[in-house]
Amino acid sequence: MDWIRKIASTALLLSVLLIVNSCSIKVGLAPISSIDYSKVKTVSIADFQNRAEYVYAPLATEFNQGLKDLFIRQTRLSLVNGNADIEIDGEITGYNQYNEAVDASGYSSKVKVTLTVKVSFVNNTDHKDDFTDQQFSAFQTYDSSKLLTEVQDELIKLMVKDITEQIFNATVANW
């Protein structure tokens with residue numbers, strides 16, 4: 001009976017090795033952008049002015065730096081001032097907070113903060129992708145027991161990350 005057990009364990013081991021060897025996992029990165037670098041070499045990103053009714057001074061700086069950093073990190077495009085192969089400009093049009101949820105006592109329990117920007121995009125190598133005044137928005141909520149000033153900086157970072165990725169996808173990731 002020992003020889004049957006040896007044959008069975010050997011067969012089982014070979015089966016497992018065969019299964020493991022036949023399974024393969026391919027890991028790769030999807031193209032971050034579909035830019036034709038033979039045609040497009042430069043990007044110009046104008047500073048977005050804060051035209052929202054509620055103005056928080058660090059918002060425009062955080063947004064402008066976040067958008068430029070994203071293009072620098074995710075593409076091989078050179079950031080230039082004007083006369084670029086692709087040009088992005090716009091403005092911050094909204095930064096608002098609203099009561100979102102009410103608790104049993106009738107008071108607000110959650111507050112929603114929304115950031116909205118308007119963007120214009122020009123592809124000087126192929127104008128079919130151009131757009132003007134396209135709106136992009138992001139929001140975050142926070143517990144109403146906190147003051148906006150306590151959570152504002154972190155919420156802005158999250159919303160800026162969301163909107164800059166939306167702009168990136170709409171401009172260069174869909175080519």
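What you see is a predicted model, and the numbers here were worked out from it, not measured in a lab.
Annotation: salt bridge (charged side-chain N to carboxylate O under 4.0 Å, His left out) contacts involving residues 91-100, sequence neighbours excluded, comprise Arg51-Glu91, Glu91-Lys118. Sorted by first then second residue, the ring pair (Phe, Tyr, Trp, His ring centres under 6.0 Å) pairs that include residues 75-98, not counting sequence neighbours, are Tyr54-Tyr95.
In this structure a side-chain-to-backbone donor-acceptor pair under 3.5 Å is missing from Asn123 to Asp130. Remark: the backbone N or O of Asp85 is not paired with any side-chain donor or acceptor of Thr125 at under 3.5 angstrom. Put simply, the side chain of Thr75 never gets that close to the backbone of Ile72: no donor and acceptor are under 3.5 Å apart. At distances below 3.5 Å, at least one donor-acceptor pair connects side-chain atoms of Gln166 with backbone N or O atoms of Ser137.
In this structure, the separation between CD1 on Ile163 and CG on Leu158 is 11.5 Å, given to the nearest 0.5 Å. The OG atom of Ser44 lies 9.5 Å from the CG atom of Asn124; values are rounded to the nearest 0.5 Å. Rounded to the nearest 0.5 Å, atoms CZ (Phe168) and CD1 (Ile88) are 9.0 Å apart. One finds the CG atom of Asp129 at 10.5 Å from the NE2 atom of His127 (value rounded to the nearest 0.5 Å). The line from NZ of Lys41 to CG of Leu77 is 9.5 Å long, rounded to the nearest 0.5 Å. Taking CG of Asn83 as the reference point, atom OG1 of Thr42 lies at 8.5 Å (rounded to 0.5 Å).
A 4.5 Å side-chain heavy-atom check between Thr164 and Phe63 finds at least one atom pair inside the cut-off. Taking 4.5 Å as the limit, every side-chain heavy atom of Thr132 sits out of range of all side-chain heavy atoms of Phe121. With contacts defined as side-chain heavy-atom distances shorter than 4.5 Å, the pair Asp89/Ile45 does not qualify. Considering only heavy atoms from C-beta on, Glu62 comes within 4.5 Å of Lys157 through its side chain. No side-chain heavy atom of Val117 sits under 4.5 Å from any side-chain heavy atom of Gln135. A 4.5 Å side-chain heavy-atom check between Val43 and Val80 finds every atom pair outside the cut-off. Side-chain contact check for Ile86 versus Thr171: every heavy-atom pair is 4.5 Å or farther apart. When side chains are defined from C-beta on, Leu67 counts as touching Phe48, because their heavy atoms get closer than 4.5 Å.
Leu79 is connected to Phe71 through a chain of hydrophobic side-chain contacts under 4.5 Å among Ile, Leu, Val, Met, Phe, Trp and Tyr, so both are in one cluster. Cluster annotation: Met159 and Leu148 are assigned to the same hydrophobic cluster (Ile/Leu/Val/Met/Phe/Trp/Tyr, side-chain heavy-atom contacts under 4.5 Å, transitive). Cluster annotation: Val151 is connected to Leu115 through the hydrophobic network of ILVMFWY side chains, with a link wherever side-chain heavy atoms come within less than 4.5 Å. When the side chains of ILVMFWY residues are joined at heavy-atom separations under 4.5 Å, either directly or via intervening members, Ile35 and Leu70 end up in a single hydrophobic cluster. Clustering ILVMFWY residues whenever any of their side-chain heavy atoms sit less than 4.5 angstrom apart, transitively, puts Ile167 in a cluster other than the one holding Val122.
Minimum interatomic distance between Asn64 and Ala46 (heavy atoms only, all atoms of both residues): OD1-O, 4.1 Å. Closest heavy-atom contact between Gly66 and Val160: CA-CG1, 4.5 Å.
Every residue meeting the salt bridge (charged side-chain N to carboxylate O under 4.0 Å, His left out) condition with Lys68, not counting sequence neighbours, appears here in chain and number order: Asp47. A search for side chain to side chain donor-acceptor pair (under 3.5 Å) contacts involving Asp126 returns nothing, not counting sequence neighbours. Residues meeting the salt bridge (charged side-chain N to carboxylate O under 4.0 Å, His left out) test with Lys161, sequence neighbours left out: Glu165. Scanning for side chain to side chain donor-acceptor pair (under 3.5 Å) contacts around Ser38 gives Asp36, with sequence neighbours left out.
A donor atom on one side chain and an acceptor atom on the other are found under 3.5 Å apart for Tyr56 and Asp153. Counted by atom type alone, Tyr142 and Glu154 present zero donor-acceptor pairs between their side chains at under 3.5 Å. Between the side chains of Ser108 and Asn99, a donor-acceptor pair is found at a separation under 3.5 Å.
The environment of CG in Asn81 is sparse: at most 12 heavy-atom neighbours from other residues, nucleotides or ligands sit within 6.0 Å.
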**Request:** Mind running side-chain contact (heavy atoms from CB on, under 4.5 Å) on Val113 and Phe139 for me, showing each step along the way?
**Result:** CA-CA 5 Å; Val113 179; Phe139 70 89; over 6 Å; no

